[in-house]
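The chain is numbered in sequence order, starting from 1. All ligand and atom numbering here is 1-based and tracks the order in the structure.
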Amino acid sequence: MTEKPVALIVLAAGQGSRMQSDLPKVLHRLGGVPLVGHALAAGRSLAPETVVVVAGHGAALVQKAVATLDPEAQIALQEEQLGTAHAVRQALPLLEGFEGRVLVLYGDTPFIAEETLGMLASHASDVIVLGFEAADPGRYGRLVTGPDGLERIVEYKDADEATRAIRLVNSGVLAADAATLREILPQIGNRNAAGEYYLTDLPGLARAAGLRVDVVTCDEAETLGINTRAELAAAEAAFQARARAQALEDGVTLTDPATVWFALDTCIGRDAVIGQNVVFGPGVTVESGAEILPFCHLEGCHVSAGATVGPFARLRPGAELGGDVHVGNFVEIKNSVLDEGVKVGHLTYLGDAHVGEATNIGAGTVTCNYDGVGKHRTEIGAHAFIGSDTMLVAPVRVGARAMTGSGSVITEDVPDDALALGRAKQVTKPGLATRLMQALRQKKGS
Ligand code: UD1
Ligand code: CA
């Protein structure tokens, strides 16, 4: 075991032509997050000093996505994809002065487990390769082992029949000291069947230089790479199955697990209840004991203990529900904080708003937050009562304990304790309804 500082290199320059896509492969989403985000998240668990993503195809898009997924990660550009060793070499300048362990991961391999990476990072050998026993070794690189560890890796294209019979294969993930990479990578040539600079030449060359080279193995499922849309769909199914099982194990009630969809970072507390057909986009936390009723869509939001949401509610990024908040059917909430005990029962849009404690928002209320150019805020105080069908034309403030009359269009601030009415005064004409109907029927009959 060693405890050296860690750096991460994530290879993500390949085109992924079998995806049949204009989008770089690593930006296709799994569990609501681009594939490369899964590798980055697993790698982050090692608290690396430096993270470098090697981008090539669609580099600008990859760079943009990485900036949101992991703002501290750096990008190395590999203009031409000349092979995995060439890709790693492009990252080395960004590791100048780094003297620890370097882990190389693939951006299209999302299931690699944190424990497996930990095992590689702390392994005592100079070069350590992650392998697995393949059910079908297919076109994977073959790991040729001997009495003292890994002797070399032979790519499928370059392997003879006997070597192809080996079932222990290369996952692509490996770890080596930065100094080893700096020394050996320049020795790797491209005289092979593919004409590429193979990272898989590293073990053989390292051994020739007198270094210790070994294999650790993991479950094949961890090394699953995504190359086609069908594989992406299968990976999504595997991801969801795992997330559902984990939620159940963590003490979350899922009424119908197969209909609940999770994101990579969904976080749900014990004793929360999730109804049928609920979709979690990225960035959701639901505290213990909250209830999400069927057919809700949540993304980038927080639901506190005791809150109930739905059925048929949509919580968008920046929705913060305090304790015991009730959000009912056909309610959409975006970038709004609802303090404890707020009730928004029906058919409402709250955007860019703050609602104080225990306030009741009547059916059909809309914060008119967008004027076609900019967004504006609505402030509603505690213990207020917003009448049904109130239009709150932002920027606007409704004070504590204030009321608005049903059907009001509120364009001016309402002070604390005041009642505001912003609607046409009612006119009543006795008997006119009956007379009008008679006149209309007569006209139709004639
Ligand atoms: C590679 C390994 C093989 C292993 C397999 C596991 C080599 C030579 N072979 O083969 O032993 O069994 O992975 O899946 O390493 N990439 C770049 N730049 C490049 C080339 C590749 O960034 O110039 C990236 C790709 O985007 C991909 C990863 O490296 O994420 C692997 O490349 P790929 O071409 O898929 O390698 P394989 O042929 O599958
Ligand atoms: Ca591959």
| query | Is ligand 1 under 4.0 Å from a heavy atom in the side chain of E155, in the backbone, in both, or in neither? | reply | side chain

| query | Does ligand 1 have an atom that lies less than 4.0 angstrom from a heavy atom of S171? | reply | yes

| message | Once you restrict to heavy atoms under 4.0 Å, what part of Q78 touches ligand 1? Side chain, backbone, both or neither. | response | side chain

| query | Has L82 got any heavy atom lying under 4.0 angstrom from an atom of ligand 1? | reply | yes

| field | Proximal atoms of ligand 1 relative to D108 (non-hydrogen, under 4.0 Å) | value | 27 (C), 30 (O)

| Mode of T109 contact toward ligand 1 - side chain, backbone, both, neither (heavy atoms, under 4.0 Å) | neither

| Which of the numbered atoms in ligand 1 are below 4.0 angstrom from a heavy atom of G141? | 3 (C), 4 (C), 11 (O), 12 (O)

| Best match, G138, G14, A39, G83: closest heavy atom to atom 20 (C) of ligand 1 | G83

| request: Could you tell me whether E99 and R182 make a salt bridge, using a distance below 4.0 angstrom between a side-chain N and a carboxylate O? | output: yes

| request: Evaluate the ring planes of F239 and H38, with Trp represented by its six-membered ring, and classify them as parallel (under 30°), tilted (30 to 60°) or perpendicular (over 60°). | output: perpendicular

| request: Using a strict 4.0 Å threshold on nitrogen-to-oxygen distance, state whether K25 and D108 make a salt bridge. | output: yes

| message | Between T255 and I274 (side chain of the first, backbone of the second, donor and acceptor by atom type, cut-off under 3.5 Å), is there such a pair? | response | yes

| remark: Note: ligand 1 atoms sitting under 4.0 Å from heavy atoms of T200 are 7 (C), 8 (C), 9 (N), 11 (O), 15 (O)

| task | Flag the pair E299 / P282 as yes when at least one side-chain heavy-atom distance between them is below 4.5 Å, and no otherwise. | result | yes

| A85 contact mode with ligand 1 (heavy-atom cut-off under 4.0 Å) | neither

| query | What are the two closest heavy atoms between V309 and A313, and how far apart are they? | reply | CG1-CB, 3.8 Å

| said: Just to be sure I'm reading this right: ignoring hydrogens, which of Y106, Y197, Y198, Y156 gets closest to atom 8 (C) of ligand 1? Compare them by their nearest heavy atoms. | reply: Y198

| request: Side-chain contact test, heavy atoms from C-beta onward, threshold under 4.5 Å: evaluate it for H376 versus D371 and give yes or no. | output: yes

| field | Atoms in ligand 1 with a heavy atom of A12 nearer than 4.0 Å | value | 22 (O)

| remark: Judged by heavy atoms only, the candidate from D158, L11, L199, V10 nearest atom 24 (C) of ligand 1 is L11

| So, D158 side chain and N192 main chain: donor-acceptor pair closer than 3.5 Å or not? | no

| More than 12 heavy atoms of other groups within 6.0 Å of R244 CZ | yes

| field | Per-atom contacts of ligand 1 with A87, taking only distances under 4.0 Å to non-hydrogen atoms | value | 17 (C), 18 (N), 22 (O)

| Counting heavy atoms only, which part of A194 comes closer than 4.0 Å to ligand 1: side chain, backbone, both or neither? | neither

| request: Salt-bridge test for R207 and E151: reply yes if a basic N is under 4.0 Å from a carboxylate O, no otherwise. | output: no

| query | Which word best sums up how the rings of Y140 and F132 line up, parallel for under 30°, tilted for 30 to 60°, or perpendicular for over 60°? | reply | perpendicular

| query | Numbering the atoms of ligand 1 from 1, which are under 4.0 Å from a heavy atom of Y140? | reply | 6 (C), 12 (O), 14 (O)

| request: Using a 4.0 Å heavy-atom threshold (strictly under), name the region of A13 that reaches ligand 1: side chain, backbone, both or neither. | output: both

